[in-house]
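Side chains are part of it too, since the values below use all heavy atoms of this structure and drop only hydrogens, waters and symmetry mates.
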Amino acid sequence: MNRHPSALSRPSSGKRRLKDLLAHSDNRVCADCGAADPKWASANIGVFICLKCCGVHRSLGTHISKVLSVTLDEWSDDEVDNMIEIGGNAAANSIYEAYFPGGVSKPRADAAHEERAKFIRCKYELQDFLKPSLRILSTSSKQNSLQASMSSKFMDSFRSSASSPPSEGMVEFIGMLKVKVIKGTNLAVRDVRSSDPYVVLKLGMQKAQTAVVKSNLNPIWNEELMLSVPQNYGPIKLEVYDYDTFSADDIMGEAEIDIQSMITSASAFGNAGMFEDMQIGKWLKSQDNALLEDSTVNIVDGKVKQLVSLKLQNVESGEVHLELEWIPLDQ
């Protein structure tokens, strides 16, 4: 069902292939609201979307929409291939927006969150806009009329959304955090002489985790994780675990990351690209937090960033070092 030139199928870097696909006219606007210059994508659905719609997609869960940044995230070859195979916004919308019931219309780029969230949920989770004869009501409908005209990966996206439990409600997001998990230091031993550590971050209902580093108490991850920040946000909960093959993973400590100082400072200064490098805020070390030292919020090369060093709690030893970057809705 790929409607674009075959040149996209030639071997090249994943980022280049994505940019080539994004350059097509139908992909220069958000698939869901028409906002210009989308920088995000649903890798399994195969559409390019804006940051506001991206927040709604994330709230649906990765079993329905796996959201990645075109510029910030690393894409696997399979994810890039899926985007190319589907063909972009026009091809995907010809399926997901094939039939609009009376009184239904797409939201505009300036639509309120409630209108945007309702439309996106109806479009992808409930599949209200597929033609009635094409709706996939259960995973048992594997041999249906769509099979001949849609790729198997595109079909997997439909089956996943049909068989998964419904979302418990939409959450309005105010921006995103890119969390670079840099390294761990002097982590606790949970195996005979070492551990196989990985880091888990939780914010609201979201969860992201790093790769496992085998047999290392001083692991270096340098891995970037993305979290959407809801309007009523709390601290990020960080947990370190030791991976076990044959039993439950062992906890290796935990800590909380207070993101209020970063978000408050970033909001006060607005467009960080208008300022030279400077400090704009600070999270102070105290007996009530896990900071190893004061953590300053800075504008660096037009971006709001914060280095955070944490002493893991409820464990005999261990530190984790991170870099946070705030991404506002309009970026």
Could you grab the distance from atom [atom1] of [X] to atom [atom2] of [Y], nearest 0.5 Å is fine?
X	Y	atom1	atom2	answer
Leu60	Thr62	CG	OG1	10.5 Å
His57	Leu68	NE2	CG	12.5 Å
Ile327	Leu227	CD1	CG	10.5 Å
Asp191	Asp250	CG	CG	7.5 Å
Glu323	Gln306	CD	CD	10.0 Å
Leu310	His321	CG	NE2	8.5 Å

Between Ser194 and Ser215, does any side-chain donor sit less than 3.5 Å from a side-chain acceptor?
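No, because no side-chain N or O of Ser194 sits under 3.5 Å from a partner of the opposite role on Ser215.
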
Going by distance alone, is a donor N or O of one side chain under 3.5 Å from an acceptor N or O of the other, for Asn44 and Ser42?
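Result is yes, a qualifying pair exists.
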
Candidate pair Val199 and Leu225, rule side-chain contact (heavy atoms from CB on, under 4.5 Å), full reasoning:
CA-CA 10 Å; Val199 174; Leu225 306 175; 5.7 Å; no

Answer yes or no: are there more than 12 heavy-atom neighbours, outside Glu74 itself, under 6.0 Å from its atom CD?
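Incorrect, the count does not exceed 12.
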
So does [Y] get a backbone contact from the side chain of [X], meaning a donor-acceptor N/O pair under 3.5 Å?
X	Y	value
Asn27	His24	no
Trp221	Ala211	yes
Asp258	Gln260	yes
Arg28	Ala23	yes
Asp294	Lys285	yes
Asp244	Asp249	no
Lys15	Trp75	no
Asn186	Gly318	no
Lys303	Gly273	no
Arg58	Ser65	no

With the side chain counted from C-beta on, respond yes when [X] and [Y] share a heavy-atom pair under 4.5 Å apart, and no when they do not.
X	Y	value
Ile174	Tyr233	yes
Gln206	Ser228	yes
Ile182	Leu307	yes
Val315	Ile251	no
Cys54	Met176	yes
Cys33	Arg116	yes
Trp326	Ile259	no
Leu312	Met252	no

Apply salt bridge (Lys or Arg N to Asp or Glu O under 4.0 Å) to [X] and list each qualifying residue two or more places apart in sequence or on a separate chain.
X	value
Asp288	none
Lys66	Glu79
Arg190	Glu316
Lys123	Asp32, Glu97

Same hydrophobic cluster for [X] and [Y], using side-chain heavy-atom links shorter than 4.5 Å among ILVMFWY?
X	Y	answer
Leu324	Met278	yes
Val29	Leu22	no
Phe269	Leu177	yes
Met274	Ile280	yes
Leu187	Ile220	no

Tell me the closest heavy-atom pair linking [X] and [Y], and the distance in Å.
X	Y	result
Val304	Met262	O-CE, 3.7 Å
Gly46	Ile86	CA-CD1, 3.7 Å
Leu217	Pro219	C-CD, 3.3 Å
Cys30	Cys50	SG-N, 3.4 Å
Pro107	Glu115	CA-OE2, 3.6 Å

I need the full list of side-chain hydrogen bond (donor to acceptor under 3.5 Å, both in side chains) pairs touching residues 261-284, with sequence neighbours left out, sorted by first then second residue.
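Pairs touching residues 261-284 that pass the test: none.
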
Can you say whether the rings of Tyr241 and Tyr198 are parallel (under 30°), tilted (30 to 60°) or perpendicular (over 60°)?
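Judged by the thresholds at 30° and 60°, the geometry between Tyr241 and Tyr198 is parallel.
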
Give the C-alpha distance, both sets of side-chain angles, the deciding distance and a yes or no for side-chain contact (heavy atoms from CB on, under 4.5 Å) between Val56 and Ile49.
CA-CA 10 Å; Val56 180; Ile49 53 179; over 6 Å; no

State whether Arg121 and Asp128 are salt-bridged, where the test is any N-O pair (Lys NZ or Arg NE/NH1/NH2 against Asp/Glu carboxylate O) under 4.0 Å.
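Judged by the 4.0 Å cut-off on N to carboxylate O distance, Arg121 and Asp128 do not form a salt bridge.
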
For a side-chain hydrogen bond (donor to acceptor under 3.5 Å, both in side chains) check, start with the C-alpha distance between Asp78 and Ser76, then their side-chain angles and the critical distance, and finish with the verdict.
CA-CA 5 Å; Asp78 285 345; Ser76 69; 5.4 Å; no

Steps toward side-chain contact (heavy atoms from CB on, under 4.5 Å) verdict (Asn93, Lys106):
CA-CA 11 Å; Asn93 280 347; Lys106 293 186 69 165; 3.8 Å; yes

Would Glu325 and Glu224 count as a side-chain contact (heavy atoms from CB on, under 4.5 Å) if you check the C-alpha gap in whole Å, the side-chain angles of each, and the deciding distance to 0.1 Å?
CA-CA 10 Å; Glu325 180 182 332; Glu224 294 177 346; over 6 Å; no

Option passing ring-ring contact (aromatic ring centres under 6.0 Å, His included) with Phe129 (candidates Tyr124, Tyr96, Phe119):
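Only one of Tyr124, Tyr96, Phe119 forms a ring-ring contact (aromatic ring centres under 6.0 Å, His included) with Phe129, namely Phe119.
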
Suppose we screen for side chain to side chain donor-acceptor pair (under 3.5 Å). Which residues come up paired with Glu256, at least two apart in sequence or across chains?
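Side chain to side chain donor-acceptor pair (under 3.5 Å) list for Glu256, sorted by chain: Lys237.
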
